Number of protein chains: 2
Amino acid sequence: MNEMRVPEPTLRRLPWYLAYLKMAAAQGETVISSTQIAQAISVSASQIAKDLSFIKISGKTRIGYDIHKLIEVLETFLGFGRVHQAYLFGAGNLGGALLHDKGLSQYGMEILAGFDVNPRLVGREVNGIPVYHLDEYFERQRQQPASIGILTVPVQKAQETTDYIIRGGIRAIWNFTPFRISVPEHIVVQNTSIYAHLAVMFNRLESGMEQL
Amino acid sequence: MNEMRVPEPTLRRLPWYLAYLKMAAAQGETVISSTQIAQAISVSASQIAKDLSFIKISGKTRIGYDIHKLIEVLETFLGFGRVHQAYLFGAGNLGGALLHDKGLSQYGMEILAGFDVNPRLVGREVNGIPVYHLDEYFERQRQQPASIGILTVPVQKAQETTDYIIRGGIRAIWNFTPFRISVPEHIVVQNTSIYAHLAVMFNRLESGMEQL
């Protein structure tokens, strides 16, 4: 399925289509065209058709895509259909928040445990997920391996923790810190700098106010 | 300060520089060059110098930037220094998680309250933040206005809630749903599709495994 590398912008748009298709299916639609999707979510129909061509599903000319088939194929393709095990590193503020997010499991991610060094967090459970001392990570990883590490440590610990968790066997890092971590070539990094998005929003909001 | 529109990629990189500078300052550094920043975070020195030119601070040739000055100017520029009031819409999974994130206030965002329609959530407090019924939003907004709305409702409610909260006076929407919302031109939208990032990571992880 992944013979060719799917461009990242495509991968980011596919979940938008999926979200819209699920909505349309819930409203009783059974067939949908890229033009209909385009009108609903402000992406051009040609872009949608191009993006969908990566997932090897083709619509019928003048009819469109079978909506339930398309949902199924998209979910499988995006990896939302199977469970990916993850450990979370840094169970404070944002880390603790992510442990509370039951939505992640709906999108195929199961957080097995959190790790921290703060005695007020270690030994507790957050939303039913245990928080262990960081020193236990190698042993836990041996007992119950996870391929994904969610990085929510303080920024000054970002690189050090990255090196440590890769040594233990993590192969993909979901980096929520604003720090640009360095990793060996075979390690996948996904940066999700939510505070950087905040900065973009503040800036746009204030530019708008000046124009008033 | 915002006479020219700062490109979004620049706005997204500035918090990386800020994170690194704070680390370097904590380690006792007082002066820093764009080459030093470049080596630490894998962005080219010329890109860094270009990005920093937007914030009207200039380094001294062959010496570099005063690190404390640069931190202060960056924080002000990014809006992390002042408090932006926000209301959160949808206090379930991810919304509830964000209410738990004490980190947001460190980056200049204060969530005044959450809104929901679920009787199990309405009337509760999460991390000291009250959750009200969505029907109370107009009245609350009148009493204590917020300019930012954090959108964490289920995807099928995304557009409807967007329209409703804009009518009440929200001017910027931080959209965490995977739905592409439509808004009037003067409304700022920042999309943070964390589940879309998840899809990118799953795909890269599985492509990597196939190559083994």
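Worth saying up front: this structure is predicted, and the values here are computed from it rather than measured. Letters A, B, ... mirror the listed sequences (proteins, then strands); counts begin at 1.
Of the atoms belonging to A:M23, it is side-chain heavy atoms, and not backbone ones, that fall under 4.5 Å from chain B. Of the two parts of B:Q106, only the side chain, counted from C-beta on, holds a non-hydrogen atom closer than 4.5 Å to a non-hydrogen atom of chain A. Of the atoms belonging to A:P9, not a single heavy atom falls under 4.5 Å from chain B. Of the atoms belonging to A:N191, it is backbone heavy atoms, and not side-chain ones, that fall under 4.5 Å from chain B. No part of A:Q159 comes within reach of chain B, as not one of its non-hydrogen atoms sits under 4.5 angstrom from that chain. Proximity to chain A involves both the backbone and the side chain of B:T192, based on heavy atoms less than 4.5 angstrom apart. Heavy atoms closer than 4.5 Å to chain B are found in both the backbone and the side chain of A:H197.
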>> Show, in sequence, the C-alpha distance, side-chain angles and deciding distance for A:N203 and B:F77, and conclude whether the side-chain contact (heavy atoms from CB on, under 4.5 Å) test is met.
In response: CA-CA 8 Å; A:N203 183 277; B:F77 184 81; 3.8 Å; yes

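Scanning residues 148-155 of chain B against chain A with a 4.5 Å non-hydrogen threshold yields B:I148, B:V155, sorted by number. Proximity to chain B among residues 12-22 of chain A is limited to A:R12, A:P15, A:W16, A:A19, A:Y20, judged by heavy-atom separations below 4.5 angstrom.
Around CZ of B:R124, the count of heavy atoms belonging to other residues, nucleotides or ligands within 6.0 Å does not exceed 12.
At least one side-chain heavy atom of B:I41 sits under 4.5 Å from a side-chain heavy atom of A:F179.
Here the closest heavy-atom approach between residue A:M109 and residue B:M201 is recorded as CE-CE, 3.9 Å. In this structure, B:W174 and A:I194 approach most closely via the heavy-atom pair CZ2-O, 3.5 Å. In terms of heavy atoms, B:D101 sits closest to A:L94 at OD1-N, 3.3 Å. Nearest heavy-atom pair across A:F80 and B:A199 is CZ-CB, 3.7 Å. Contact detail for B:Y107 and A:P178: the closest heavy-atom pair is OH-CG, 3.9 Å. In plain terms, the two heavy atoms of A:R204 and B:E8 that are nearest each other are NH2-N, 3.5 Å.
Note that the CG atom of B:L99 and the NE2 atom of A:H100 stand 10.5 Å from one another [nearest 0.5 Å]. Once rounded to the nearest 0.5 Å, the distance linking CG of B:L104 with CG of A:N93 reads 8.5 Å. Atoms OG and CD1, on B:S42 and A:I181 in that order, are 10.5 Å from each other to the nearest 0.5 Å. Note that the CG atom of A:L198 and the CG atom of B:L11 stand 12.0 Å from one another [nearest 0.5 Å].
When the candidates A:A196, A:A158, A:G79, A:G103 are compared by the number of heavy-atom contacts under 4.5 Å with chain B, A:G103 comes out ahead.
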